[in-house]
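Worksheet: the structure to be examined is printed underneath.
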Number of protein chains: 2
Amino acid sequence: MSGTNTDVPAVIAHELPNPVPHDELAACPVTDLFRRIGDKWSMLVVIMLGKRPYRYNELHRSIEGVSQRMLTRTLRTLEEDGLVRREVFPSVPPSVEYSLTPLGVSLLEPLSALAEWAVKNATSAVPTR
Amino acid sequence: MSGTNTDVPAVIAHELPNPVPHDELAACPVTDLFRRIGDKWSMLVVIMLGKRPYRYNELHRSIEGVSQRMLTRTLRTLEEDGLVRREVFPSVPPSVEYSLTPLGVSLLEPLSALAEWAVKNATSAVPTR
DNA sequence: CTGGATCCGGCACGATACTG
DNA sequence: CAGTATCGTGCCGGATCCAG
């Protein structure tokens, strides 16, 4: 059973001796990560920006389905988390370019591994839920 | 920049010629995957079950923070998606054991890659958002 | 022990209108 | 072009009670 697994780290099976000091915080880093990029658009944007830098409306048109509001919010959050860099070029029509930071690029690799899995097993899973 | 990346698939940059036939469906497999396991507990459960099979309350105690409702919902969904297998043993106190299907095991690998990334970069990212 | 049923608050998300 | 402001809604998710 444990023959071909890749030595899953026991980062989840931690025990919390103190039943959460103040309120409740990110239990484990994995949970925290998914709370940040596990929303509807974040990883989409990350993978897009992994191919090349994009401008705002360019992204908006490419993703097709995201609202301006959510695209802006997603980009802001990713920027705050240090995954995306925002560059403003003071041209006559103002242009803003978004790109991945080194941290974002490093995230791209495990993320695309997941993406590849999704593509592979898209048909084998239940299509119509 | 493209030296050490793992050849990111262009699964996202598809174009939808028809602006969604009926309602709206899973745009791309990646989005679809995250809509399924991108919730608060799914990948937690998958990673836990990747270590060994668990019984219900065993899982409930291990994850520490999940409610019965959400644990049940999560397990049901994962089962419907073919990632988790549910076995009922008709003992005197009824016992149910959950384990990963082969599909679930295959998902575990890219998932743990993401998990490792999260652990590595947990400190480098913004801790207090 | 393994859940199901119900109530309910918060927020993720979309649509629309407006701005510099 | 690149956003911001506001409103409305669905459903995610927790707490609690109930059941086989």
Side-chain angles (χ1 to χ4, degrees), chain A residues 19-20 23-27 31-45 48-49 53-81 84-99 129, chain B residues 16 19-20 23-27 31-32 34-45 48-49 53-81 84-99 129:
Chain A
V20 179
D23 226 347
E24 61 157 323
L25 22 126
T31 303
D32 188 49
L33 173 65
F34 270 76
R35 298 291 289 189
R36 291 169 189 255
I37 67 158
D39 68 307
K40 196 171 184 179
W41 304 107
S42 290
M43 71 321 179
L44 250 315
V45 171
M48 286 298 291
L49 295 183
Y54 274 81
R55 296 176 52 187
Y56 183 86
N57 275 353
E58 204 175 7
L59 260 183
H60 192 203
R61 269 179 274 104
S62 298
I63 290 188
E64 184 90 20
V66 66
S67 60
Q68 296 159 350
R69 174 190 147 93
M70 287 318 296
L71 181 56
T72 300
R73 278 181 56 116
T74 300
L75 287 169
R76 286 281 185 272
T77 302
L78 291 175
E79 189 187 0
E80 289 173 9
D81 289 346
V84 161
R85 185 178 176 207
R86 179 176 184 261
E87 271 182 296
V88 182
F89 297 98
S91 355
V92 177
S95 78
V96 183
E97 188 173 282
Y98 292 92
S99 57
R129 175 149 102 224
Chain B
L16 320 184
V20 179
D23 223 350
E24 61 157 323
L25 23 126
T31 303
D32 187 49
F34 269 76
R35 298 292 287 189
R36 290 169 190 256
I37 66 158
D39 67 308
K40 197 172 183 178
W41 305 107
S42 290
M43 66 334 175
L44 249 315
V45 172
M48 286 297 292
L49 294 183
Y54 274 81
R55 296 178 51 190
Y56 183 85
N57 274 354
E58 204 177 8
L59 261 183
H60 190 204
R61 269 179 275 104
S62 299
I63 290 188
E64 184 92 20
V66 66
S67 61
Q68 297 161 348
R69 176 188 142 96
M70 288 318 296
L71 181 56
T72 300
R73 277 178 55 117
T74 300
L75 288 169
R76 285 281 184 272
T77 302
L78 291 175
E79 189 188 358
E80 290 173 8
D81 289 345
V84 162
R85 184 180 177 207
R86 179 174 184 264
E87 272 181 294
V88 183
F89 297 97
S91 352
V92 177
S95 79
V96 183
E97 189 173 280
Y98 294 93
S99 57
R129 178 149 104 224

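Just so it is clear: chains get the letters A, B, ... in the order the sequence lines come, proteins before strands, and each one is counted from 1.
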Any side-chain heavy-atom pair of [X] and [Y] under 4.5 Å:
X: A/L59; Y: A/L49; result: yes
X: A/T77; Y: A/I37; result: no
X: A/T74; Y: A/S42; result: yes
X: A/R85; Y: A/E97; result: no

When you compare the protein's N or O atoms with those of nucleotides 2-6 of chain D, which come within less than 3.5 Å of each other, and at what distance?
unit_1, atom_1, unit_2, atom_2, d
D/dA2, OP1, A/R55, NE, 3.2
D/dA2, OP1, A/R55, NH2, 3.3
D/dA2, OP1, A/V96, N, 3.2
D/dA2, OP2, A/N57, N, 2.9
D/dG3, OP1, A/R86, NE, 3.4
D/dG3, OP1, A/R86, NH2, 2.4
D/dG3, OP2, A/Y98, OH, 2.6
D/dT4, OP1, A/R76, NH2, 3.2

For A/R61, side-chain contact (heavy atoms from CB on, under 4.5 Å) partners two or more places apart: A/N57
Can you tell me how far apart OG (B/S99) and CZ (B/R86) are? Round to the nearest 0.5 Å. 12.0 Å
Once you round to the nearest 0.5 Å, how far does CG of A/D39 lie from CG of B/D39? 13.0 Å
Identify the 5'-most and 3'-most nucleotides of DNA chain C with at least one atom closer than 4.0 Å to a non-hydrogen atom of chain B. C/dC1 to C/dT6
Would you mind reading off the distance between A/K40 atom NZ and D/dT9 atom C1', rounded to a whole angstrom? 13 Å
Spacing between B/W41 atom CH2 and D/dG13 atom P, to the nearest angstrom: 9 Å
Aromatic plane relationship, A/Y56 with A/Y98 - under 30° parallel, 30 to 60° tilted, over 60° perpendicular: tilted
